[in-house]
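Encoded as structure tokens, the structure appears first; notes follow it.
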Amino acid sequence: NGISTASGISLAGGNFSNFNSIQVLNFQTGILCGGSGNIYFFNDDLFVNNGTALSVNGANVQFKDSTIFGTTILPAANVGVNATGAGSFFVMNGGSCALCDISISINNNTIATINGGIFKFNNTGIAQSGGSQLTLSSSNFEITNNPTDINIQISGAGTFADIIGCEFNGASLTNVP
């Protein structure tokens, strides 16, 4: 059967939407969050094997204690969160991203806060560019896929990150750096 070419859920209107304990599996885009000033809250949700689990474009998203698996087996694939746009705010409290090609992509002036995130078996943990802002605290980056893994990649004029109290462990599953 494979991955659907559609979005599981597409959100573009409504001032406040709340999603608790849902599962989104096998879509090209699991959930698409758009609409300037709209607020979307995700609590204790599961995203598995989506091309992009959560796409944020110009919206405000709170992502709490939710889990993203880019795929179910190695090699890592797909994108966990893609947040873009000057009006986008992405906040992650707790939760985990595993087996993703890129766990979280923050770009084009998005403002993001990640607190207590767990990142495992990803090719790139966080990719940040295009004048975006990131505050990252109390997060763990552990268990690498290969020697070329990148935990955090920051590039582009005006892009900055505050990284506070995080753990970076470059060991593989067999505890080899």
Is there a side-chain contact between Leu46 and Phe69 (heavy atoms, below 4.5 Å)?
yes

Can you see which heavy atom on Ser88 is nearest to which on Gly58, and at what distance?
OG-N, 2.6 Å

Residues forming a ring-ring contact (aromatic ring centres under 6.0 Å, His included) with Phe168, sequence neighbours excluded
Phe141

Quick one: closest heavy-atom pair of Val56 and Ala59, and the distance?
CG1-O, 3.7 Å

Looking at side-chain heavy atoms only, is the closest gap between Leu134 and Ile114 below 4.5 Å?
yes

Which atom of Asn122 lies closest to which atom of Ala98, heavy atoms considered
OD1-C, 3.4 Å

To the closest 0.5 Å, what do you measure between CZ (Phe119) and CG (Asn169)?
15.0 Å

Using ring-ring contact (aromatic ring centres under 6.0 Å, His included) as the criterion, list what pairs up with Tyr40, not counting sequence neighbours.
none

So Ile102 and Ile104, do their side chains get closer than 4.5 Å, heavy atoms only?
no

Spacing of Ser103 atom OG and Asn78 atom CG [to the nearest 0.5 Å]:
11.0 Å

Suppose the criterion is salt bridge (charged side-chain N to carboxylate O under 4.0 Å, His left out): which pairs have a residue in residues 120-134, not counting sequence neighbours?
Lys120-Glu142

Quick one, Asn82 with Thr84, criterion side-chain hydrogen bond (donor to acceptor under 3.5 Å, both in side chains). Give me CA distance, side-chain angles, the key distance, then yes/no.
CA-CA 7 Å; Asn82 182 35; Thr84 187; 5.8 Å; no

So, for Asn38 and Ala12, which heavy atoms are closest and what is the spacing to 0.1 Å?
ND2-O, 3.2 Å

Nearest 0.5 Å please: distance from the CD1 atom of Ile152 over to the SG atom of Cys166.
6.5 Å

What distance separates Lys64 NZ from Asn43 CG, expressed to the nearest 0.5 Å?
5.0 Å

N/O donor-acceptor pair under 3.5 Å between Asp45 side chain and Ser21 backbone
yes

Is there a path of hydrophobic side-chain contacts, each under 4.5 Å between heavy atoms, that joins Leu136 and Ile154?
yes

So do Phe90 and Asn60 actually touch side chain to side chain, heavy atoms under 4.5 Å?
no

So Cys33 and Leu54, do their side chains get closer than 4.5 Å, heavy atoms only?
yes

Any side-chain to backbone donor/acceptor pair from Asn146 onto Asp149? Under 3.5 Å, distance only.
yes

For the student: nearest non-hydrogen atoms of Met92 and Gly117, plus distance
CE-CA, 4.0 Å

Between CD1 of Ile150 and CD1 of Ile126, what distance do you get to the nearest 0.5 Å?
12.5 Å

Might you work through the side-chain contact (heavy atoms from CB on, under 4.5 Å) test for Val48 and Asn26, ending with a clear yes or no?
CA-CA 7 Å; Val48 179; Asn26 301 315; 5.8 Å; no

May I ask you to decide if Asn107's main-chain N or O and Thr110's side chain share a donor-acceptor pair within less than 3.5 Å?
yes

If the condition is side chain to side chain contact (heavy atoms under 4.5 Å, CB included), which residues does Ser36 pass it with, not counting sequence neighbours?
none

For residues 90-102, pull every pair meeting side chain to side chain donor-acceptor pair (under 3.5 Å), keeping only residues two or more places apart or in separate chains.
Asp101-Asn123

Quick one: list whatever passes side chain to side chain donor-acceptor pair (under 3.5 Å) with Ser132, sequence neighbours left out.
Gln128

Is there a donor-acceptor contact under 3.5 Å linking the side chains of Asn115 and Ser137?
yes

With Ser55 as reference, evaluate Val79, Thr29, Val81, Ile31 under the side-chain contact (heavy atoms from CB on, under 4.5 Å) test and give the passing residue.
Thr29

Phe27: which of Ile9, Asn49, Leu32, Asn50 passes side-chain contact (heavy atoms from CB on, under 4.5 Å)
Asn50

Phe19 pairs by ring-ring contact (aromatic ring centres under 6.0 Å, His included) with which of Phe42, Phe47, Phe63?
Phe42

Working to the nearest 0.5 angstrom, can you tell me the gap between Asn57 CG and Leu11 CG?
12.5 Å

Side chain of Thr159, backbone of Ser155: donor and acceptor closer than 3.5 Å?
yes

What one should report as the nearest heavy-atom pair of Ala76 and Asn145 is CB-ND2, 3.4 Å

